[in-house]
Protein chains: 2
Amino acid sequence: MSQNSTGNIKQFNLGEGHRMTPQRRFVYEVLMNSKDHPTATEVFMRVKNKMDSISLATVYNCLDALVGVGVVRQVNVDREPSRYCGNLEPHAHFHCENCASVEDISLKDGAKPSNSLKLPRGAKVEKFEVVVRGLCPECALSIKTKKQLN
Amino acid sequence: MSQNSTGNIKQFNLGEGHRMTPQRRFVYEVLMNSKDHPTATEVFMRVKNKMDSISLATVYNCLDALVGVGVVRQVNVDREPSRYCGNLEPHAHFHCENCASVEDISLKDGAKPSNSLKLPRGAKVEKFEVVVRGLCPECALSIKTKKQLN
DNA sequence: ATTTTTATCAAGAACTATTCTAAATAATAA
DNA sequence: TTATTATTTAGAATAGTTCTTGATAAAAAT
């Protein structure tokens, strides 16, 4: 318990046999302060500003640990680099094919996307992931504008 | 039009500037005859039985071409190798965390998973992907049985 | 306190799915 | 027939991620 950069970030421990290290705390803090969905490399660059000695491999380790404990979500879109997300509320993701941004999409109140599926009888659902692909509002607008100019 | 292994598989052409080659036809046939969701390497191995000279790079090329034309779907689950699917009906996928199988899940009649989302105003949706993760009926059963034995 | 055990870190090597390159081949257009 | 364009192939290259190893540090046991 020697180092503990007590900030405004929720405290938690990682359970039996797992240690809350400065590296893990920085990675967690970066994710909580990021509204975008950074990749491991992006997290690495942001943490490096606070702790220059950290390595990319350690960021991967920390992300794995945090995902394993369930305080962080790993988001995969197609085969692009994994992104990480501190929003644990059930939600979907919108992936813009033009600017490659990934944004949270919230669910309509009480709605569950899985309700529209004929799930196989006897299957045990752990979680599900909904990814919408297309053009985000900004890109949809700018592309439409560009077309008008031609 | 010199080679055309006219089988029981739907005929189609790939549009201006694209040629229907024996390799592409074999890749397509393999997908139409596969109920599982083979990876590129699995498709490669299956096609190789019919055409020994084909290379993995060609299988990737053919899959890209078929996906591009829209007669085949590419399915990504987490960061596992891409899988390919000849079922063009709108449907979701179930991914078993135990046996790693991927199965189609059909939608309830008239249901659209996107109806439960608060899509950002102005966004242009191209397509969306729903992946359910958990244990398939067989694995759920066998794991439950194994627990009882302990 | 000191030792022992266990977990974590860091740097770089290794891995793997996929894409790229370049030369050969084949199909289409001129 | 010639020229153009698309495709195939083998292997090299790429990129995200994981693995390996030795060092460090924290926790547990003595």
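Any value given below was found using the heavy atoms of this structure, including those in side chains, with hydrogens, waters and symmetry copies removed. The model shown is predicted, which means the values in this text are computed figures rather than measured ones. Residue numbering restarts at 1 for every chain, and letters A, B, ... go by the order of the sequence lines.
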Is [X] near enough to [N] that one of its side-chain N or O atoms lies under 4.0 angstrom from OP1 or OP2?
X	N	value
B:S55	D:dT8	no
A:T39	D:dG16	no
B:R79	D:dG16	no
A:S82	D:dT17	yes
B:R19	C:dT28	no
A:Y60	D:dT18	no

Starting from [atom2] on [N], measure out to [atom1] on [X] and report it in whole angstrom.
X	N	atom1	atom2	value
B:D64	C:dC20	CG	C1'	12 Å
B:Y84	C:dA17	OH	P	12 Å
A:D52	C:dA11	CG	C1'	14 Å
A:K48	C:dA10	NZ	C1'	11 Å
B:L56	C:dT16	CG	P	14 Å
B:E80	C:dC15	CD	C1'	16 Å
A:E16	D:dA26	CD	P	18 Å
B:F26	D:dT9	CZ	P	11 Å

Candidate nucleotides [options], ranked by approach to the side chain of [X] - the nearest:
X	options	answer
A:T58	C:dC9, C:dC20, C:dT18	C:dC9
B:I54	D:dT9, D:dT17, D:dT18	D:dT9
A:T21	C:dA10, C:dT18, C:dT8	C:dT8
B:C62	C:dT8, C:dA17, D:dT8	D:dT8
B:A40	D:dT8, C:dT18, D:dT18	C:dT18

Check: A:V59 and A:T41 side chains under 4.5 Å, non-hydrogen atoms =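 When only atoms from C-beta onward are counted, A:V59 and A:T41 do not touch, as no gap falls below 4.5 Å.
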query = Between A:E97 and A:R133, does at least one N-O distance fall below 4.0 Å, as a salt bridge requires?
reply =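 Yes, this pair counts.
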message = For A:R46, is there an ion pair with A:D36 - N to carboxylate O distance below 4.0 angstrom?
response =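 A salt bridge is present here (some side-chain N lies under 4.0 Å from a carboxylate O).
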request  = Have a look at A:Q23 and say if it touches a base, only the backbone sugar-phosphate, or nothing, with a 4.0 Å heavy-atom cut-off.
outcome  =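 Answer is sugar-phosphate: A:Q23 comes under 4.0 Å of backbone atoms only.
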request  = Identify whether any heavy atom of A:T41 sits under 4.0 Å from a base atom; if not, whether one sits that close to sugar-phosphate; answer base, sugar-phosphate or nothing.
outcome  =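 Touches nothing.
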query = So B:R73 and B:H91, side chain to side chain donor-acceptor pair (under 3.5 Å) or not? Walk me through it.
reply = CA-CA 11 Å; B:R73 244 179 98 178; B:H91 65 281; 3.2 Å; yes
ask   = Taking for each residue the nucleotide of DNA chain D with the nearest heavy atom, is it A:N61 or B:H18 whose nucleotide lies nearer the 5' end?
value =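 The 5'-side residue here is B:H18.
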message = Please check: side-chain N/O of B:K108 versus main-chain N/O of A:N115, any donor-acceptor pairing under 3.5 Å?
response =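 Judged by distance alone, yes, a pair lies under 3.5 Å.
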request  = May I have the step-by-step check of side chain to side chain donor-acceptor pair (under 3.5 Å) for A:T58 and A:Q23, ending in yes or no?
outcome  = CA-CA 8 Å; A:T58 298; A:Q23 289 86 346; over 6 Å; no
